[in-house]
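Here's the structure, in structure tokens; my notes come after.
Below, read A as the first sequence line, B as the second, and so on, with proteins coming before strands; counting in each chain starts at 1. Basis for what follows: all heavy atoms, side chains included, without hydrogens, waters or symmetry-related copies. These numbers come from a predicted model, not from an experiment.
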Amino acid sequence: MPELPEAETIVRGLRPHVEGRRIVSAEFYARRVSSDAPQEWAGRQVIAVRRQGKQVLLCLDSGASILIKLGMTGALLWNGQFGPYTRARLEFEGGGVLLFDDIRQFGSLRLVEEAGGKLGPDPFEITAEDFAARLRRRNTQVKRALLDQSLVRGLGNIYTDEALFRAQIHPRARTRRLRIDRARRLHGEIVKLLEEAIALRGSSISDYVDAQGERGTFQTRHQVYGKAGQPCPRCGTPITRIVVAQRGTHYCPRCQRI
DNA sequence: TGCCATGTTAATGC
DNA sequence: TGCATTAACATGGC
């Protein structure tokens with residue numbers, strides 16, 4: 001669920017509470033949530049809260065960072081209610097508790113020495129030119145390429161479908177055959193889409209909530225995601241659902257031609 | 001009941 | 001090397 005706009009909303013909500021604070025203790029309640037020893041986190045000060053694609057980083061005074069992957073259903077709740085899906089709990093000096101709730105347990109927390117890994121550039125930090133070049137270097141379906149975090153980081157199933165609709169590109173279009181102006185335009189649409197989604201605090205499709213437990217509202221602006229059978233907002237043709245890269249994919253067969 | 005779901009990674013084969 | 005496919009993870013909703 002959480003993609004870039006949701007992670008950004010969580011980070012913004014967490015920052016004023018967590019930055020500059022020291023971790024007093026950490027506890028894990030599920031084997032899968034972390035393989036770290038929680039006492040190794042204790043005593044560390046969080047100097048910055050950052051987003052990395054769709055992940056959240058708590059940057060520590062030691063130089064290392066706690067990398068938080070939200071998976072499908074992860075939530076970070078500031079002073080939230082401890083519940084059956086609470087998988088981790090961080091207590092901060094001076095009061096305040098950060099809970100990591102995660103129904104499906106695809107999320108995780110782990111200490112990393114270096115950020116980045118195999119992630120590609122953030123869509124906000126890459127030029128249209130560079131984006132187009134990276135995209136056209138691949139030889140695959142454009143939807144698959146956008147979901148690949150090593151091309152650009154932060155897009156998931158929802159925003160990929162929405163961005164391709166806005167750019168009027170078929171999700172199965174081959175990256176190598178995309179004209180350069182179309183690839184540049186796709187980057188522009190991605191940036192605008194993500195900015196709009198952040199302004200509305202993300203999309204709450206099922207259970208995404210921000211650090212205060214509040215839902216986002218960008219789902220009310222979705223044009224194709226989850227809209228199979230409904231008329232295309234541009235031309236009225238029914239939105240079609242197909243499977244691309246093993247993911248449900250929504251597009252307008254008239255506006256988005258190969 | 002069976003299938004589907006916003007994510008990621010590993011294994012395997014071409 | 002790059003790309004495609006499948007499985008796996010754990011749980012809730014329809």
*asked:* Does R144(A) reach a base, just sugar-phosphate, or nothing at all? Heavy atoms under 4.0 Å.
replied: base
*dA10(C), dC3(C), dG7(B): which one has an atom nearest the side-chain heavy atoms of M72(A)?*
dG7(B)
_Whole-Å gap separating C1' (dG2(C)) and CZ (R134(A))_ = 15 Å
*asked:* Whole angstroms only, please: what is the CG-P distance between L70(A) and dT9(B)?
replied: 13 Å
_Short side-chain N/O contact to dG7(B) OP1/OP2 from T73(A), under 4.0 Å_ = no
_Length of the OH-P vector between Y159(A) and dG7(B), whole Å_ = 11 Å
_Pairing partner of dA10(C) (Watson-Crick or G-U wobble, both distances under 3.5 Å)_ = none
*Among dT8(B), dG7(B), dC3(C), which nucleotide sits nearest the side chain of E3(A)?*
dG7(B)
*dG7(B) C1' sits how many Å from D148(A) CG, rounded?*
13 Å
*Could you check whether the rings of F131(A) and H187(A) sit parallel, tilted or perpendicular, using 30° and 60° as the cut-offs?*
tilted
*D102(A) CG to dG12(C) P, straight-line distance once rounded to whole Å*: 12 Å
*asked:* Starting the side chain at C-beta, find the nucleotide from dC3(C), dA10(C), dG7(B) nearest to R247(A).
replied: dG7(B)
*So W78(A) and H17(A), would you call those rings parallel, tilted or perpendicular, with 30° and 60° as cut-offs?*
parallel
_Other residues, nucleotides, ligands: >12 heavy atoms within 6.0 Å of R22(A) CZ_ = yes
*Select base, sugar-phosphate, or nothing to describe what R174(A) touches, counting heavy atoms under 4.0 Å on all strands.*
sugar-phosphate
*Enclosure of R177(A) CZ (heavy-atom neighbours >12, cutoff 6.0 Å)*: no
_From dT8(B), dA10(C), dT11(C), nucleotide with atom closest to R32(A) side chain_ = dA10(C)
_Without decimals, in angstroms, what is the distance between I205(A) CD1 and dC14(C) P?_
13 Å
_dG7(B) OP1/OP2 closer than 4.0 Å to side-chain N/O of K69(A)_ = no
*asked:* Using OP1 and OP2 only, check whether a side-chain N or O of Y85(A) sits under 4.0 Å from dA10(C).
replied: no
*Is there a side-chain polar atom (N or O) of Q149(A) under 4.0 Å from OP1 or OP2 of dG7(B)?*
no
*Could you state the atom-to-atom distance from CG of N139(A) to C1' of dC3(C) in whole Å?*
8 Å
*Which listed nucleotide (dC3(C), dT8(B), dT11(C)) is nearest to the side chain of R87(A)?*
dT11(C)
*asked:* So if I take every side-chain heavy atom of I103(A) and compare against dC3(C), dG12(C), dA10(C), which nucleotide ends up nearest?
replied: dG12(C)
_Side chain R51(A), main chain G53(A), donor-acceptor under 3.5 Å_ = yes
*dG7(B), dT6(C), dT11(C): which one has an atom nearest the side-chain heavy atoms of N157(A)?*
dG7(B)
_Using a 5.5 Å cut-off between ring centres and planes within 30 degrees, is F106(A) stacked on the base of dC9(C)?_
yes
*Atom-to-atom span, CZ of R153(A) to P of dT9(B) - whole angstrom*: 14 Å
*Compute both the distance and the angle, then confirm whether R32(A) meets the cation-pi test with F106(A): under 6.0 Å from the six-membered ring centre, within 45 degrees of the axis.*
no
